[in-house]
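For reference, the structure discussed in these notes is given below.
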Amino acid sequence: MSESPGPNTPRSGKPWPEKPSVLSRRSVARSRLFHVESLDLRFANGEERTFERLTGSDQGAVMIVAMPDPEHVLLIREYAAGFEDYVLTLPKGLVDPGEDIVSAANRELMEECGFGAHRIEPLVELSLAPNYMRHRMQVLLATDLYPRRLPGDEPEPLIVETHAIDELPALLARDDFHEARAIAALFIARERLRNEAESPTLW
């Protein structure tokens with residue numbers, strides 16, 4: 001009987017290609033937040049290409065699915081400079097030096113939503129446009145909330161909204177809720193909650 005392929009085994013049965021060699025790397029542009037890096041690569045078949053990528057903080061970042069009760073989730077409305085408009089999304093932020101992801105998630109939740117969480121658990125790690133960005137986002141589920149406000153670095157107070165997590169189709173129909181990571185995080189959290197619906201230990 002043939003064994004099922006593992007999570008890191010191609011379904012085709014063929015071996016993964018050898019990673020390309022980095023011939024050189026150079027800085028193209030740098031700002032306060034972003035660093036554009038150019039990579040000259042040679043692939044296993046001899047082809048050479050130049051790729052550009054956007055690097056960021058190596059400390060990492062967190063996104064929080066915070067639930068004040070088993071049916072609802074907290075969303076924030078904030079100005080998104082990329083779209084020059086206000087968007088609805090999940091609280092998130094960078095991990096500060098010396099922080100672990102749980103501490104960072106609790107701090108960001110206090111800064112952006114005015115709540116802390118007695119229980120925070122990692123859900124998933126997400127990337128965004130991996131062909132061009134090295135950025136990774138740790139998504140955490142926060143429950144058993146309590147009021148606690150910390151000062152943040154936002155230029156204006158964020159508007160905090162409460163939405164039913166089972167009404168994701170209605171959220172997706174809005175023109176102000178479209179961040180892919182937030183959408184993925186909510187679907188993953190909803191699936192986790194449904195799988196644990198019979199467990200009394202989550203709340």
Side-chain angles (χ1 to χ4, degrees), residues 7-8 16-17 19-41 43 49-66 73-113 117 120-142 150 152-156 158 160 168 171-172 174 176-192:
N8 296 319
W16 292 113
K19 291 171 62 176
S21 302
V22 179
L23 303 179
S24 66
R25 68 181 74 216
R26 58 191 178 278
S27 178
V28 175
R30 187 185 293 271
S31 72
R32 180 176 62 88
L33 293 177
F34 303 111
H35 177 211
V36 180
E37 186 178 54
S38 177
L39 299 176
D40 293 323
L41 304 177
F43 288 80
R49 294 287 189 278
T50 298
F51 284 69
E52 289 186 354
R53 68 176 183 178
L54 187 66
T55 66
S57 170
D58 289 329
Q59 299 293 330
V62 293
M63 175 175 278
I64 307 100
V65 180
V73 62
L74 299 180
L75 298 178
I76 59 170
R77 185 175 299 279
E78 64 178 352
Y79 185 75
F83 281 83
E84 299 184 31
D85 203 354
Y86 285 88
V87 299
L88 200 60
T89 186
L90 289 170
K92 58 186 178 295
L94 296 176
V95 179
D96 287 342
E99 278 187 323
D100 56 44
I101 61 172
V102 171
S103 299
N106 213 18
R107 173 182 54 76
E108 289 290 345
L109 186 59
M110 294 176 186
E111 292 176 358
E112 298 193 355
C113 294
I120 300 180
E121 56 180 317
L123 276 179
V124 70
E125 180 183 77
L126 299 176
S127 67
L128 180 66
N131 281 21
Y132 305 101
M133 298 177 65
R134 197 175 62 185
H135 183 73
R136 295 174 183 266
M137 177 78 76
Q138 305 293 331
V139 179
L140 300 98
L141 177 65
L150 288 179
D153 56 2
E154 291 76 22
E156 61 182 359
L158 299 178
V160 181
L168 291 182
L171 277 174
L172 292 175
R174 301 170 59 122
D176 59 352
F177 181 72
H178 45 69
E179 184 179 357
R181 295 174 302 180
I183 294 169
L186 288 179
F187 273 102
I188 292 168
R190 189 182 69 173
E191 188 67 17
R192 166 74 71 86

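Keep in mind that the numbers below use all heavy atoms, side chains included, and drop hydrogens, waters and symmetry copies.
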Do H135 and R181 pass the side-chain contact (heavy atoms from CB on, under 4.5 Å) test, and can you show the C-alpha distance, the side-chain angles, and the key distance before you say yes or no?
CA-CA 12 Å; H135 183 73; R181 295 174 302 180; 3.4 Å; yes
Kindly give the heavy-atom pair with the smallest separation between [X] and [Y], and that separation in Å.
X    : Y    : answer
A66  : L109 : CB-CD1, 3.5 Å
A29  : H35  : O-CD2, 3.4 Å
T89  : A182 : OG1-CB, 3.7 Å
A185 : V139 : CB-CG1, 3.6 Å

Salt-bridge criterion met for [X] and [Y] (N-O under 4.0 Å):
X    : Y    : value
E108 : K92  : no
D40  : R49  : no
E112 : R107 : no

Output the distance between atom [atom1] ([X]) and atom [atom2] ([Y]), rounded to the nearest 0.5 Å.
X    : Y    : atom1 : atom2 : result
T55  : R30  : OG1   : CZ    : 6.5 Å
M63  : L140 : CE    : CG    : 11.0 Å
M137 : I101 : CE    : CD1   : 12.0 Å
E156 : Y79  : CD    : OH    : 10.0 Å
L75  : L186 : CG    : CG    : 6.0 Å
E154 : E111 : CD    : CD    : 6.5 Å

Is the shortest heavy-atom distance from the side chain of [X] to the side chain of [Y] under 4.5 Å?
X    : Y    : answer
N106 : S103 : no
E37  : R26  : no
V65  : L90  : yes
D176 : Y86  : no
S38  : T50  : yes
F43  : K19  : no
Y132 : L54  : no
L172 : I183 : yes

Could you walk me through whether E121 and R192 satisfy the salt bridge (Lys or Arg N to Asp or Glu O under 4.0 Å) test, starting with their C-alpha distance in whole Å, then the side-chain angles of each, then the deciding distance to 0.1 Å, before giving a yes or no?
CA-CA 11 Å; E121 56 180 317; R192 166 74 71 86; 3.0 Å; yes
Kindly determine whether L23 and L41 satisfy side-chain contact (heavy atoms from CB on, under 4.5 Å), including the steps that lead there.
CA-CA 6 Å; L23 303 179; L41 304 177; over 6 Å; no
Listed pairs under 3.5 Å, donor-acceptor, residues 124-131 side chains, sequence neighbours left out:
{"from": "E125", "atom 1": "OE1", "to": "R136", "atom 2": "NH1", "distance (Å)": "2.8"}
{"from": "E125", "atom 1": "OE2", "to": "Q138", "atom 2": "NE2", "distance (Å)": "2.5"}

Between the side chain of E99 and the main-chain N/O of D96, is any donor-acceptor distance below 3.5 Å?
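Side chain of E99 to backbone of D96: a pair is present.
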Check the pair L168 / F187 against side-chain contact (heavy atoms from CB on, under 4.5 Å), numbers first and verdict last.
CA-CA 8 Å; L168 291 182; F187 273 102; 3.8 Å; yes
Kindly determine whether I64 and L141 satisfy side-chain contact (heavy atoms from CB on, under 4.5 Å), including the steps that lead there.
CA-CA 6 Å; I64 307 100; L141 177 65; over 6 Å; no
